[in-house]
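Note that these values count all heavy atoms, side chains included, but never hydrogens, waters or copies made by symmetry.
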Amino acid sequence: MRYLTYVVGCSLFLTNFSVKSYAPNPKAIHPDGRLPSIRQAKNKVSFVHDALEDQIILIDGNNIRNVFGYQEVSAVDLATKLSNWSPFNHDPTTNTNNGRNSGMGEEDASTNVVCVWDGGSEVISSFANSTLEVFSGPDGNADDILVKCCAFLSEVNHTTGIVVFTSDANLANRCQMQAFREHRHKVDFRVYHSVYLYLLLGGNNDLDLGQDERRQTFAPDWERQERRRSVDDLQLLLLLQDKLRDECEPKPFSKDSIMGELNDWINNGGLDSCNIGRVTKGGSILYRID
């Protein structure tokens, strides 16, 4: 079984960044503003869609799954949704495809997608066709991996912007500070609430959530065991896929591409090689790539 995966996300580009203004804390303000309702997000989703080309998109997997409802969409289900959708052959206003590739067939690899998960039996990254699925392992943390990926990409990537999809305000701010930390070149960094990816993946755009229901949807009291089990299932599926794949079968990205470099960096101990650059006043760690 193979997956062709594309993901979406984006946010307002901040040209003037102040670390003090965005220091993560329990009451941190999301860089994309307050959590929108579905109705409000529908008015902005076309803008998000149009800003995806030539971006590297980092996804907080469990946060996106949360929006769909964890009882309705497992980690494997989300990977399947991603495999049946591409941002460049989909009309976000009607949730319809435009007649180009629309399923498990040929890839449109113009979008680079990295989906990070809490859990898995080991720290590893694996391609699900054009999407790089990254697992934190039993003792790791997806938030830290996402921030480290921002550190790596902002250091080695000179042509492609970075987009993050999460409604976790602390994580969003950490990624933003990391992307702008002592950068040697201009970093085009954007972050958007998860609801936009929900809509772009065909979520029910007729649904409008009240304030109490929205709070429950985006911050549920999940069972940790269920989340880990769901991610374990996805990792096992991808490992089996790797074993069955023909050794001569071409990879979705060449080793010298930015996605190929990121994959090799993760699987060759790059995450452990990150050094602590500094700790914010809110207690969040920012990293340094030596």
Say whether, by atom type as modelled, one donor and one acceptor occur between the side chain of [X] and the main chain of [Y] under 3.5 angstrom.
{"X": "R65", "Y": "Y70", "result": "yes"}
{"X": "H30", "Y": "D32", "result": "yes"}
{"X": "N263", "Y": "G260", "result": "no"}

Item to check | Short side-chain donor-acceptor distance under 3.5 Å, S126 and D242 | outcome: yes

Checklist entry - Between Q235 and S121, do the side chains contain an N or O donor and an N or O acceptor separated by less than 3.5 Å? => result yes

Next on the checklist: Using every non-hydrogen atom in the two residues, find where K81 and L201 come nearest and quote the distance to one decimal.
Outcome noted: O-CD2, 4.3 Å

Checklist entry - Is it the case that one hydrophobic cluster holds both V116 and V156, taking links as side-chain heavy atoms less than 4.5 Å apart, direct or via other members? => result yes

Checklist entry - In terms of hydrophobic clusters joined by side-chain contacts under 4.5 Å, are F47 and Y198 together? => result yes

Can you tell me how far apart [atom1] ([X]) and [atom2] ([Y]) are? Round to the nearest 0.5 Å.
{"X": "I266", "Y": "I124", "atom1": "CD1", "atom2": "CD1", "value": "10.5 Å"}
{"X": "C115", "Y": "I64", "atom1": "SG", "atom2": "CD1", "value": "8.0 Å"}
{"X": "D60", "Y": "L171", "atom1": "CG", "atom2": "CG", "value": "5.5 Å"}
{"X": "S46", "Y": "L200", "atom1": "OG", "atom2": "CG", "value": "8.5 Å"}

Quiz: residues 140-147 side-chain donor-acceptor pairs under 3.5 angstrom, not counting sequence neighbours:
from, atom 1, to, atom 2, distance (Å)
N141, OD1, D143, N, 2.8
N141, OD1, D144, N, 3.1
D144, OD1, R174, NH1, 3.1
D144, OD1, R174, NH2, 3.1

Item to check | Set of ring-ring contact (aromatic ring centres under 6.0 Å, His included) partners for Y287, sequence neighbours left out | outcome: none

